[in-house]
Amino acid sequence: MSEKFNLKWNDFNVNVSRSFGLFRNESYLHDVTLVSEDFKHIPAHKLVLSACSEYFKNILQQTKQSQPLLCLSGVNAAELQNVLDYVYEGEVRIYQEDLDRFLDVAQRLKLDGLMGSDEEAGETPAQ
C-alpha cells in the first residue's frame, strides 16, 4: 500500500476571506439581488449569503429561481450595505449610533458571528 500525503494550503482562510471581498465587486458572478425597503437593488452571491446567514440559507434552499430577487422590508440600503460589508469582509465599521439598529438587523437575518448560541447565553437547549 502506498503512503498517503496531506497537503495543506496554509493561507486558505485568508485567501477565502479575501476572495469573498473581491467577488462582491465581480458582477459576472452575482446570482441574487437584495432589495432594500427604499428600493435599492444590491447584487450578491447565494453562496456567500448562505455561508454567513441561516436566514438566507433557508430562503435560498427553498428558492428554485436561478437569479432570485429578495425583498428585505424594514432594512434600508445603508443597513443592507453594512450587512454585506460584514458578510463579505468579516467586519464592518459602523458609527455607535447605528450599532443597535445593525445588531437588530443582524439578529433578524441570523448573521453568523454576531448571534450568541443558547449555551453562551447561559440557556440550555430544549430537550
Side-chain angles (χ1 to χ4, degrees):
M1 195 168 227
S2 65
E3 187 174 351
K4 192 172 191 178
F5 291 91
N6 183 32
L7 302 176
K8 183 177 179 180
W9 185 357
N10 289 330
D11 296 331
F12 177 79
N13 292 339
V14 171
N15 284 298
V16 169
S17 176
R18 184 177 16 190
S19 293
F20 273 17
L22 294 173
F23 286 154
R24 185 174 181 189
N25 298 315
E26 298 292 334
S27 61
Y28 71 95
L29 293 173
H30 292 140
D31 55 2
V32 62
T33 301
L34 304 175
V35 183
S36 64
E37 73 175 358
D38 47 349
F39 307 109
K40 301 293 186 209
H41 289 225
I42 302 172
H45 302 87
K46 291 187 246 182
L47 177 68
V48 175
L49 295 176
S50 295
C52 300
S53 164
E54 192 67 30
Y55 175 86
F56 287 121
K57 181 179 178 183
N58 287 334
I59 290 173
L60 294 168
Q61 282 178 330
Q62 298 174 39
T63 302
K64 302 299 180 217
Q65 293 82 16
S66 61
Q67 300 274 334
L69 191 73
L70 302 180
C71 298
L72 300 172
S73 64
V75 181
N76 69 38
E79 294 164 343
L80 188 51
Q81 288 293 348
N82 286 333
V83 166
L84 293 177
D85 286 347
Y86 180 79
V87 299
Y88 278 92
E89 304 289 338
E91 65 182 342
V92 63
R93 292 177 159 258
I94 194 161
Y95 292 107
Q96 183 175 355
E97 58 266 18
D98 298 327
L99 183 58
D100 286 340
R101 177 66 184 145
F102 174 77
L103 293 174
D104 287 342
V105 171
Q107 183 175 11
R108 178 177 160 208
L109 299 178
K110 300 180 181 177
L111 297 183
D112 290 347
L114 290 176
M115 309 289 65
S117 70
D118 289 342
E119 293 165 3
E120 289 174 358
E123 301 173 14
T124 56
Q127 308 241 351

Check your understanding: Which distance, rounded to the nearest 0.5 Å, do you find between the OG of Ser36 and the CG of Leu72?
Key -> 8.0 Å

Exercise for review: Tell me, with the steps shown, if Leu70 and Val35 meet side-chain contact (heavy atoms from CB on, under 4.5 Å).
Suggested key: CA-CA 6 Å; Leu70 302 180; Val35 183; over 6 Å; no

Review point. Are the side chain of Glu79 and the backbone N or O of Asn76 linked by a donor-acceptor pair below 3.5 Å?
Key: yes

Review point. How are the rings of His45 and His30 set relative to one another: parallel (under 30°), tilted (30 to 60°) or perpendicular (over 60°)?
Key: tilted

Check your understanding: From Tyr55 OH over to Arg108 CZ, what is the distance, rounded to the nearest 0.5 angstrom?
Key -> 5.0 Å

**Study point:** Salt bridge present between Arg24 and Asp85 (N-O < 4.0 angstrom)
**Key:** yes

Exercise for review: To the nearest 0.5 angstrom, please state how far the CG atom of Leu103 sits from the CZ atom of Arg101.
Suggested key: 11.0 Å

Check your understanding: Within the distance-only criterion (no hydrogens, no angle test), does the side chain of Asp98 pair as donor or acceptor with the backbone N or O of Ile94 below 3.5 angstrom?
Key -> no

Point to revise | Sub-4.5 Å side-chain heavy-atom contact between Leu114 and Phe102 | key: yes

Point to revise | Whether over 12 other heavy atoms sit under 6.0 Å from Phe23 CZ | key: no

Check your understanding: Where do Val32 and Lys46 land on the side-chain contact (heavy atoms from CB on, under 4.5 Å) test, with the steps shown first?
Key -> CA-CA 6 Å; Val32 62; Lys46 291 187 246 182; 3.9 Å; yes

**Study point:** Close side-chain approach of Thr33 and His41, heavy atoms under 4.5 Å
**Key:** yes

Practice item. Determine yes or no for a side-chain-to-main-chain donor-acceptor pair under 3.5 angstrom, with Thr63 supplying the side chain and Ile59 the backbone. Key: yes

Exercise for review: Kindly compute the distance separating CG (Asn10) from CG (Leu7), expressed to the nearest 0.5 Å.
Suggested key: 10.5 Å

Point to revise | 4.5 Å side-chain heavy-atom contact, Leu80 and Leu34 | key: yes

Check your understanding: Taking side chain as C-beta onward, heavy atoms only, is Val16 less than 4.5 Å from Phe20?
Key -> yes

Check your understanding: Is Glu37 reaching over with its side chain to a backbone N or O of Gly74, donor-acceptor style, under 3.5 angstrom?
Key -> yes

Review point. Under the criterion side-chain contact (heavy atoms from CB on, under 4.5 Å), which of Val105, Val83, Leu49 is the partner of Leu111?
Key: Val83

Point to revise | Nearest non-hydrogen partners of Asp112 and Ala51, listed with the distance | key: OD2-O, 3.2 Å

